[in-house]
Amino acid sequence: DSNNEDASFSKPKTTFKDVAGLDEVKEELVEIVDFIKNPDKYKKMGAQVPKGILFYGPPGTGKTLLAASIAGETNSAFFNTTGSEFVEKYVGVGAKRVRTLFEKARKEAPSIIFIDEIDAIGAKRHLESNNEKDQTLNQLLVEMDGFNKDNNVIMIGATNRLDLLDEALTRPGRFDRHIYIGNPNYFTRHEILKVHTKDKPLCDEVNLEEIAKKTHGLSGAHLANIANESAIIAVREGVSQIKKHHFDKAIERIVAGLESKNSKLI
Ligand code: ATP
């Protein structure tokens, strides 16, 4: 099936304000936002605007959210894709999709092309092979090299495994800015919890700092999940506010879920 060719995009309203914590990462991204907003400033100075940024690190840490917020900050068209969308059974289909995507992104510029799980197409190539995956990756490289300085299209790739990526993809002039996004520290966990309980009726006894302390090692996605779970538990109990024990139960559930997942892996 090769009908899925109309590359779709959105204009996200998400901005850096929606991304809790991660201050150092945001600081680094402010410069990228400036590149997109004022390309002439850099051009006059003879500076090369980066074409590709790689977010790497564990899942659920806000990589997609950050990419969308760069689009929101710059009023760019946001093409939200995943690597696996380009992996097809028939040779040439993935490459064609990449071509269509770039065509559309150039037309709608300024644009951000986000490719989540980029390792699905960007894993190291095998010598002498020319399978569908390699053709798709080659097409991606061709498109990136063909970027003209005036294009104002920025690629953002995300992966959990930087080490799996083909060097052709990570070398200068391609995805040459590598930004690590790890699990949140205490401060960021606290900020994430604030964001995700903003519109929820919390009982006074709920102490988000304490919850942030207890949730070391969990991702932003887990914390969002905990906030949502505790609200659901409160509804189930028929009360009008979320209490401490609702949070405790939600944390217990998420942690137990993680432990059983890990034990399955062994
Ligand atoms: P994956 O690698 O699995 O694709 P990701 O790193 O792209 O994950 P996101 O999809 O951006 O993660 O985050 C998942 C959800 O977790 C977000 O929709 C948001 O609700 C929450 N979240 C994660 N980090 C943050 C953060 N810093 N601030 C607010 N919410 C966050």
Side-chain angles (χ1 to χ4, degrees), residues 10 12-30 32-33 52-73 76 78-87 112-123 154-165 169 175 177-200 202 208-209 211-212 215-232 242 247 250-251 253-255 257-258 261-262 265:
S10 64
K13 295 268 177 287
T14 316
T15 65
F16 287 152
K17 276 201 220 84
D18 301 299
V19 185
L22 298 174
D23 290 351
E24 297 98 49
V25 175
K26 280 193 250 176
E27 250 166 58
E28 209 166 335
L29 296 179
V30 164
I32 308 283
V33 166
I53 306 162
L54 262 183
F55 290 157
Y56 69 104
T61 47
K63 295 186 276 311
T64 308
L65 192 62
L66 278 165
S69 69
I70 296 175
E73 292 280 346
S76 295
F78 186 55
F79 293 79
N80 189 359
T81 72
T82 34
S84 55
E85 280 171 41
F86 299 97
V87 180
I112 309 275
I113 297 179
F114 178 64
I115 308 184
D116 202 1
E117 294 163 30
I118 194 167
D119 36 292
I121 43 171
I154 295 221
M155 304 269 315
I156 303 178
T159 180
N160 305 139
R161 295 282 307 273
L162 188 58
D163 58 307
L164 291 181
L165 295 183
L169 207 53
F175 286 94
R177 298 239 168 165
H178 304 168
I179 301 179
Y180 178 73
I181 303 173
N183 276 330
N185 59 18
Y186 164 74
F187 170 77
T188 295
R189 290 199 301 279
H190 186 209
E191 294 299 311
I192 294 173
L193 286 165
K194 279 196 239 167
V195 166
H196 287 276
T197 55
K198 199 173 62 204
D199 302 317
K200 296 183 172 68
L202 295 187
L208 296 181
E209 288 175 11
I211 298 170
T215 47
H216 177 88
L218 297 190
S219 70
H222 290 134
L223 295 168
N225 207 343
I226 284 169
N228 189 54
E229 244 335 89
S230 53
I232 290 173
I242 309 175
F247 271 98
I251 294 169
R253 249 182 225 173
I254 305 272
V255 171
L258 282 175
K261 215 160 134 202
N262 287 340
L265 289 175

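These numbers come from a predicted model, not from an experiment. Whatever order the structure lists them in is the order used to number ligands and atoms, beginning at 1.
- In this structure, the protein non-hydrogen atom closest to atom 22 (N) of ligand 1 is Gly220 C, 3.8 Å.
- The ligand atoms of ligand 1 that sit less than 4.0 angstrom from a heavy atom of Ala224 are 20 (O).
- Atom NZ of Lys200 has more than 12 heavy atoms from other residues, nucleotides or ligands within 6.0 Å.
- Closest protein heavy atom to atom 4 (O) of ligand 1: Asp116 OD2, 2.9 Å.
- Residue Ile181 places no heavy atom under 4.0 Å from ligand 1.
- Under the 3.5 Å distance criterion, the side-chain polar atoms of Thr81 are matched with a main-chain donor or acceptor of Phe114.
- With rounding to the nearest 0.5 Å, the separation of CD1 in Ile156 from CD1 in Ile53 is 4.5 Å.
- Counting protein heavy atoms only, atom 8 (O) of ligand 1 is closest to Gly60 N, 2.9 Å.
- Side-chain atoms of Thr159 come within 3.5 Å of backbone atoms of Arg161 as a donor-acceptor pair (strictly under, hydrogens ignored).
- Proximity to Val19 (heavy-atom distance under 4.0 Å) selects the following atoms of ligand 1: 27 (N), 28 (N).
- Without hydrogens or angle criteria, Lys63 side chain to Leu54 main chain gives no donor-acceptor distance under 3.5 Å.
- Looking at Leu218 and Ile226, their side chains come closer than 4.5 Å, going by heavy atoms from C-beta outward.
- When all heavy atoms are compared, the tightest approach of Val195 to Ala20 is CG2-CB, 3.8 Å.
- In terms of protein heavy-atom proximity, atom 30 (N) of ligand 1 is nearest to His196 NE2, 3.0 Å.
- Residue Thr64 touches ligand 1 through backbone and side chain together, judged by heavy-atom distances below 4.0 Å.
- Shown here, atom 2 (O) of ligand 1 is in close reach of the protein: a heavy atom of it lies under 4.0 Å off.
- Residue Leu22 places no N or O, backbone or side chain, under 3.5 Å from any N or O of ligand 1.
- Of all the atoms in ligand 1, the ones that sit under 4.0 Å from a non-hydrogen atom of Asn160 are 2 (O).
- Atom 5 (P) of ligand 1 has as its closest protein heavy atom Lys63 N, 3.5 Å.
- Residues passing the salt bridge (charged side-chain N to carboxylate O under 4.0 Å, His left out) test with Asp199: none are found, sequence neighbours excluded.
- Taking CG of Leu223 as the start and CZ of Arg189 as the end, the distance is 7.5 Å to the nearest 0.5 Å.
- Taking every non-hydrogen atom of Ile192 and a distance limit under 4.0 Å, the qualifying atoms of ligand 1 come out as 25 (C), 26 (C), 27 (N), 28 (N).
- The shortest contact between atom 14 (C) of ligand 1 and any protein heavy atom is with Ala221 CB, 3.8 Å.
- The protein non-hydrogen atom at the shortest distance from atom 28 (N) of ligand 1 is Ala20 N, 2.9 Å.
- Between the side chains of Thr82 and Glu85, at least one donor N or O sits under 3.5 Å from an acceptor N or O.
- The shortest N or O to N or O distance between Gly62 and ligand 1 is under 3.5 Å.
- Put simply, CD1 on Ile251 and CG on Asn225 are 11.5 Å apart, with the number rounded to the nearest 0.5 Å.
- Ranking protein heavy atoms by distance to atom 18 (O) of ligand 1, first place goes to Leu65 CD1, 4.9 Å.
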